[in-house]
Amino acid sequence: MLQYLVICVLLYVLYYCYRDRQRIKNVSDKYVYITGCDSGFGNMLAKHLDQQGFHVLAACFTEKGAEELKACTSSRLKTFHLDVVNSESINKAAEFIKSEVKEKGLWGLVNNAGISVPNGPSDWLTIDDYKIVLNVNLIGQIEVTLSVLPLIKRARGRIVNVASVFGKVSFGGGPYCISKFGVEAFNDGLRRDLSHFGVKVLCIEPGFFKTNITDLDLINKSLEAVWLRLPQNVKDDYGADYLDKVMPKFKARVKKLADPDLMKVVWCMNHALTAVHPRTRYSAGLDAKLFWIPLSYVPTVISDNVFHADQVKPAKCIL
């Protein structure tokens, strides 16, 4: 009986590997729209897809980012400006994409653009801080998707939403994790709605990687700016040296965990766009697979204690 079970498991593994390796054909006829191509995952994915022969429509926020990307890619890759918090910019981009893809439709949309600051403990932040991050990471992603949805349905294509392991487990206060939980919910609802039309919706959940999202200088400057504007009673709650204690620990954690190999995430994006049978979710990075995602399934009392154990306590902490 055990032998039959082992044989069945091996056959299933072989079938899964074969199925997972199947790829779509005629990529030279397919168009992929990627947001956030100035740097990081989006930039690398644009180059990678261009090398494979896709028509890449790379949205950049800065002129410098667009020029640098054009300089190292083929004439198939087209760059254009996109501000995901500006409806006029989103609609202008959608019209450009429509003029490029014509009747073929849009094979792929990769919602990659995102920011991580301002962030900090919940009682340090204002509603405007929350809006800044949510407008980019969640509302912007939704609006970009809706702007080209008819083109994706026409091609029976793919939508790839970049969430995070912090859409599974919230490591602290602030808008970043909230935005990624929102992306997860948007992704699930969209996947079920569009399955009726042959559109596949996939989710990428990276762990810590060395990108602008984990840029220590940017995060440090943002935290300092937030701290300086706090009312004195909040500063007293945390202690005058709180930030001096927090930042070294945070920097050490990011340096230890932030993986410089961005291709681990780009491979997931590429598979989502090119596999005949893409996976519903992709967890990129060992920290995501071995720590963050398992932590999201344990009882709350355990995950809370894990986070509290490594936290700098406020001066007036009563725990």
On a heavy-atom basis, which atom in [X] and which in [Y] lie closest, and how many Å separate them?
X	Y	result
A272	P278	O-CB, 3.8 Å
K180	S164	CG-CB, 3.8 Å
N137	V183	O-CG2, 3.4 Å
V165	I293	CG1-CG1, 4.2 Å
S170	G172	OG-O, 3.0 Å
Y31	E100	OH-O, 3.5 Å

Check this for me: [X], atom [atom1], are more than 12 non-hydrogen atoms of other residues, nucleotides or ligands nearer than 6.0 Å?
X	atom1	result
E88	CD	no
R76	CZ	yes
L286	CG	no
Q22	CD	yes
F61	CZ	no
K289	NZ	yes

Answer with yes or no whether the hydrophobic clustering places [X] together with [Y]; edges join I, L, V, M, F, W, Y residues whose side-chain heavy atoms lie under 4.5 Å apart.
X	Y	result
L69	V265	yes
Y242	F307	yes
I97	W107	no
F166	L262	no
V169	I213	yes

Side chains of [X] and [Y] in contact at under 4.5 Å (non-hydrogen atoms):
X	Y	answer
E224	M247	no
R158	I24	yes
K235	W227	yes
K249	D310	yes
V133	P118	yes
V84	E143	no
L194	L149	yes
L57	F96	yes

What's the separation between atom [atom1] in [X] and atom [atom2] in [Y], rounded to the nearest 0.5 Å?
X	Y	atom1	atom2	value
K245	Q311	NZ	CD	13.5 Å
N161	N111	CG	CG	5.0 Å
H48	F54	NE2	CZ	9.0 Å
I219	N119	CD1	CG	8.5 Å
C203	N187	SG	CG	4.0 Å
D215	I115	CG	CD1	13.0 Å

Counting only N and O atoms by type, is there a donor-acceptor contact under 3.5 Å from the side chain of [X] to the main-chain atoms of [Y]?
X	Y	answer
N26	D29	no
D50	S74	yes
T35	A113	yes
K313	H308	yes
T145	Q141	yes
N112	F41	no

Are any of the side-chain nitrogens in [X] or [Y] under 4.0 Å away from the carboxylate oxygens of its partner?
X	Y	result
D188	R191	yes
D83	K92	no
D20	R279	yes
K316	D236	no

Would you say the rings of Y33 and F80 are close, in the sense that their centroids are separated by under 6.0 Å?
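Yes, they do, as the ring centres are separated by less than 6.0 Å.
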Are W124 and Y238 an aromatic pair, judged by ring center distance below 6.0 Å?
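Aromatic pair counts; centres sit under 6.0 Å.
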Verify side-chain hydrogen bond (donor to acceptor under 3.5 Å, both in side chains) between Q52 and N270, making sure each step is shown before the conclusion.
CA-CA 10 Å; Q52 293 180 63; N270 184 76; 2.5 Å; yes
Please walk me through it: do D38 and N43 pass side-chain contact (heavy atoms from CB on, under 4.5 Å)?
CA-CA 6 Å; D38 298 79; N43 185 275; over 6 Å; no
Under the side-chain contact (heavy atoms from CB on, under 4.5 Å) criterion, do R154 and E103 qualify, and how do the steps go?
CA-CA 8 Å; R154 183 184 301 169; E103 295 305 312; 4.2 Å; yes
So V117 and K221, side-chain contact (heavy atoms from CB on, under 4.5 Å) or not? Walk me through it.
CA-CA 10 Å; V117 295; K221 287 178 182 177; over 6 Å; no
Before you tell me yes or no, could you show the steps for E63 and H81 under side-chain contact (heavy atoms from CB on, under 4.5 Å), namely the whole-Å CA-CA distance, both residues' side-chain angles and the distance that decides it to 0.1 Å?
CA-CA 7 Å; E63 188 176 334; H81 175 263; over 6 Å; no
